[in-house]
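Shown next, in structure tokens, is the structure this report addresses.
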Amino acid sequence: MAKHSLLEGLNPQQQKAVLHIKGPMLVLAGAGSGKTKVITHRFAYLSSACDVQPSSILAMTFTNKAANEMRERVEELTGKGTRGLWIGTFHSLSSRILRKEIEKLGYGRDFCIYDESDTSSLIRSILKEFRMHEALYKGIASRVSSLKASLVSSEALIANEESYGFDEKLAKVYVRYQEDLKKNNALDFDDLITCTVKLFEEHPTVLKKYQDEFEHIMIDEFQDTNLSQYRLSRLLASRHKNIFVVGDDDQSIYKFRGAEIGNILNFEKDFSKAKVIRLEQNYRSTQNILDAAGSVIEQNESRKSKKLWTDRGRGEKISYCIANNEQEEGGFIAQTIKDLYLKGKYSYGDMTILYRLNQQSRVLEESMRGSGIPYNVVGSISFYRRKEVKDIISYLKVINNPNDSVSLKRIINSPPRGIGKTTLTRLGNEAKKKEKSLFGIMKHVVKGNGYSSSFRDKIKGFTSLMDELIGDKDAELSELINLIYEKTGYLEWAGEEKRGNLMEIISSAEGKAMEDFLDNASLFSAHDEEETKDTVSLMTLHTVKGLESPVVFIAGLEDGLMPHFYSINRDDEIQEERRLFYVGMTRARDILFLSGVKRRKLYASVQDQQPSRFLSEIPSECCCYIEKRPRTGALSKGARVIQMRPRSTSPFATGVRVRHPKWGEGVVRDSYGETDDTKVMVNFPSVGIKRLSLKFANLEKIR
DNA sequence: AAACTAAAGCTTTTT
DNA sequence: GCTTTAGTTT
């Protein structure tokens, strides 16, 4: 049989996976084993060689980024567009179904999506009303979320657990939260999945329609599915049973958000006759890195065993360095980055620093700044989470759905119009009494007579403003946002600093439909912003999943940090921490640096730290220890020393822009040697890195 | 409504 | 320790 062109460049296991058509399949895809390739090739193969309509394939991922990548690669492979196809995140695809069907659950089709901060503020207002300690909102929000992820409805919680002190409170808040969401015609992230499950379970004809439609189902990162997502997948797959899941139990690091590693471990039980394929050839890292990571992850019980291998060769040994404190650790990393950069093989964009806690980034950032290394922190504050951006989105949400009281509260006094706390609580009480939404009661106040005229005028100012804007609803979206700026005076109020972001909202809204734009704004995350510049990336171990980098640093490898203090007493949590470390290690293509400190300042106190227990699980032949040079200058035996390079005094210091008669403009990356024999290393965009002797090379300094 | 002070927090966070 | 936010003052 002639080989299909889509199988070219795939190894035998990958081919087998792509060629699997009917029935359930589990692909255990080790880190860097080309799982995206398998999914996209299979998608393309099904639709071009197997007579499967691409529109009858449901392909679900977790992140927008992964979904976009999948779309792009499928387009490349098939040469056809992917518009309208069912490729997307669990959440976006669910909301697409719900936009059509949700009326059957008593919501309106124009429901809005609450993000975490909307959810928090709703829960907080409920706590306030119930006179419960408001500071509990975080814990309650996360417990409500995990109940939903496990498909425990508020009704079910009440029915099953009546007589627990705290749980009673929790249940009370949960019930009310759910009522409020419905009143506001709003769904939170968890609802997007659970409502779809509910829809399918309560409406068999709807379920059947989608079961018929989705002949094939593919799921990426299957180890990260929670119970509700798993149930959704099973419901949809139970007719054709063509469910193809790809994942790696060793990379399951989101248990705290409800991910059920059992979904992947029990797949074969839940889907009888499921075929299993292991992808064990790694195309990313060196054998040293794989061996080290492998022997760490082997310590975990209950995993699907995998042994990654590569034909890339052993590569460099992993380095491990212990610093005295976190400043020194940062200095060591900065110095190593400099050294690697100056050697010319790696640019800043090839290097990534990973850590367990966000707080660790601060000292690391200082070190980067101190050494003049350009860096970016990935996943800090996303554009859509900035205050001014959220405000404008809230205006749009209210224009789109005036009953959305959470969004309304957000904008009712920004810019300030004299509707402060007292007015708001008064309105809230009235609204509750009359069973109206906030906006509804405001309209009532404007019409009615039982209120003082100053109160009424204040409210009227707002409602007529909003009515005007609602009247402009059908304007082009960016035009509508302009009208918001004009009519509310938001732009002037926000000030110069925020102007840039506010303008960016307009340009990102151009030509978009309101609903699409709002959905995107809620379902968008920091991850999706692209990094194009040549900068060192800093991020947490969680954030780095799915990425790779030629050079990787993992900082803070100490017991209490990695594994984290909170997980140190529970073995299943230690195992999750180990997976986290494993994920970090396997991001590295060529070079992996590990570091930790002897004493670390955490919160208010300085603590003595012990090296991470995971380090002892790395075979010594894969790893070598680096010691920082002691103050005396004496070298300890067998130590590889990272030396500080003396600062150059030559006019051609690092970073200076120069012109060469033949190669044109370039940037000095390093200069060294005696004053009369200075050599410089210059990076010319035209020819790359060149070593030059200042005496002979006719270099000209430019600015 | 801005500007201050006090206090409470504090893993990780795909959507 | 440091940041965020709630509460108080002007």
Side-chain angles (χ1 to χ4, degrees), chain A residues 60-67 88-95 113-121 124 128 133-139 141-142 145-146 148-149 187-194 220-221 223-226 228-229 251-259 326 354-363 378-382 384-385 387 413-421 493 495 519-528 539-547 556 560-568 573 576-577 579-581 583-584 600-607:
Chain A
M60 297 195 280
T61 65
F62 278 86
T63 65
N64 293 309
K65 198 177 170 189
T89 63
F90 272 95
H91 294 82
S92 68
L93 297 173
S94 297
S95 75
I113 300 169
Y114 278 6
D115 67 14
E116 241 162 300
S117 69
D118 300 323
T119 293
S120 297
S121 58
R124 286 172 78 157
K128 201 181 264 174
H133 196 34
E134 236 183 289
L136 294 173
Y137 82 93
K138 269 191 181 164
S142 92
S145 173
S146 53
K148 288 189 179 191
L187 270 65
D188 66 17
F189 286 148
D190 298 304
D191 285 339
L192 291 173
I193 315 293
T194 55
D220 192 11
E221 304 279 17
Q223 76 283 353
D224 289 339
T225 49
N226 64 29
S228 65
Q229 290 155 341
Q251 292 185 64
S252 165
I253 56 174
Y254 282 109
K255 184 179 165 220
F256 70 97
R257 291 192 60 129
E326 57 270 30
L354 303 177
Y355 37 82
R356 177 68 236 261
L357 301 184
N358 281 308
Q359 339 172 30
Q360 286 174 261
S361 80
R362 237 193 56 236
V363 174
V378 179
S380 41
I381 316 161
S382 128
Y384 286 100
R385 281 186 200 144
K387 183 188 176 299
N413 211 28
S414 10
R417 26 181 97 88
I419 306 179
K421 212 174 66 181
W493 175 69
D519 278 3
N520 269 334
S522 292
L523 299 177
F524 196 89
S525 85
H527 244 295
D528 305 329
M539 66 190 101
T540 65
L541 286 157
H542 284 89
T543 307
V544 81
K545 202 182 76 165
L547 306 176
L561 251 198
M562 180 82 251
H564 189 270
F565 179 70
Y566 284 9
S567 38
I568 231 146
E573 308 225 331
E576 176 128 330
E577 296 282 305
R579 292 193 287 269
L580 193 53
F581 182 41
V583 165
R600 177 179 295 276
K601 193 155 68 179
L602 254 185
Y603 308 121
S605 62
V606 180
Q607 288 176 339

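The sequence lines fix the lettering, A, B, ..., with proteins before strands; numbering per chain opens at 1. Just so it is clear, the model here is predicted, and its values are computed rather than measured.
- The NE2-C1' distance, from A:H564 to B:dT13, rounds to 14 Å in whole Å.
- In this structure, A:R356 reaches the bases: a heavy-atom distance under 4.0 Å links it to at least one base atom across the strands shown.
- Taking only side-chain nitrogens and oxygens, A:Y137 never comes nearer than 4.0 Å to OP1 or OP2 of C:dT5.
- Rounding to the nearest 0.5 Å gives a distance of 10.5 Å between CG of A:D191 and CD1 of A:I113.
- Between A:D188 atom CG and B:dT15 atom C1' the separation is 10 Å, expressed in whole Å.
- Judged by distance alone, the side chain of A:T194 and the main-chain N or O of A:D190 form a donor-acceptor pair under 3.5 Å.
- Taking atom CG of residue A:L602 and atom C1' of nucleotide C:dC2, one finds them 13 Å apart after rounding to whole Å.
- The side chain of A:F62 has B:dT14 as its nearest neighbour among B:dT14, B:dT12, B:dT15.
- Closest to the side chain of A:A259, from the set B:dT14, B:dT13, B:dT11, is B:dT14.
- Taking only side-chain atoms of A:Y254, from C-beta outward, the nucleotide of B:dT15, B:dT12, B:dT14 with the closest atom is B:dT14.
- The phosphate of B:dT15 (OP1 or OP2) has no side-chain N or O of A:N226 nearer than 4.0 angstrom.
- The separation between A:I568 atom CD1 and B:dT12 atom P is 16 Å, rounded to whole Å.
- Applying the salt bridge (Lys or Arg N to Asp or Glu O under 4.0 Å) criterion to A:E326, with sequence neighbours excluded, gives no partner residue.
- Minimum atom distance to the side chain of A:K138 is reached by B:dC10, of the listed B:dT14, B:dT15, B:dC10.
- Here A:T540 does not reach the OP1 or OP2 of B:dT11: none of its side-chain N or O atoms lies under 4.0 Å away.
- Electrostatic pairing of A:D224 and A:R257 does not count as a salt bridge here, judged by no charged N lying under 4.0 Å from a carboxylate O.
- Among the protein residues, A:D190 comes within range of no part of the nucleic acid, since none of its heavy atoms lies under 4.0 Å from any strand.
- Looking at the side chain of A:N358, the nearest of the listed nucleotides C:dC2, B:dT13, B:dT11 is B:dT13.
- Taking the 5.5 Å centre cut-off and the 30° plane limit, the aromatic side chain of A:F256 is not classed as stacked on B:dT11.
- In terms of position on DNA chain B, the residue among A:L357 and A:T225 whose nearest nucleotide sits closer to the 5' end is A:L357.
- If you check B:dT11, C:dG1, B:dT14 against the side chain of A:T63, the one that comes closest is B:dT14.
- Candidate nucleotides B:dT11, B:dT14, B:dT15 were compared by shortest atom distance to the side chain of A:T89, and B:dT15 ranks first.
- The shortest distance between the side-chain N/O atoms of A:N64 and the OP1/OP2 oxygens of B:dT15 is below 4.0 Å.
- Counting non-hydrogen atoms under 4.0 angstrom, A:E221 reaches nothing in the nucleic acid.
- A donor and an acceptor atom, one from each side chain of A:T540 and A:T543, are located under 3.5 Å apart.
- Counting only heavy atoms from C-beta outward, the side chains of A:K255 and A:E573 approach each other to under 4.5 Å.
- In this structure, A:I253 places its CD1 atom 13 Å from C1' of B:dT11, rounding to the nearest Å.
- One atom, CZ of A:R362, and another, P of B:dT11, lie 16 Å apart when rounded to the nearest Å.
- The aromatic rings of A:Y254 and A:F256 sit tilted relative to each other, their planes meeting at an angle between 30° and 60°.
- You'll find that the side chain of A:D224 is closest to B:dT14, out of B:dT14, B:dT13, B:dT11.
- In secondary-structure terms, DNA chain B builds stems of at least 3 consecutive Watson-Crick or G-U pairs, each pair having both distances under 3.5 Å, at B:1-10 with C:1-10.
- Put simply, CD on A:E576 is 14 Å from P on B:dT12, counting in whole angstrom units.
- Of the P atoms belonging to C:dT5 and B:dT12, the separation is 15 Å, rounded to the nearest Å.
- Stacking of A:H542 onto the six-membered ring of B:dT12 is not present when judged by under 5.5 angstrom between centres and under 30° between planes.
- The OH-P distance, from A:Y566 to B:dT13, rounds to 15 Å in whole Å.
- C:dT4 and B:dT13 have their P atoms separated by 15 Å, given to the nearest Å.
- Between the side chains of A:S142 and A:S145, not a single donor N or O lies within less than 3.5 Å of an accepting N or O.
- Of the side-chain N and O atoms in A:T543, one or more sit less than 4.0 angstrom from OP1 or OP2 of B:dT13.
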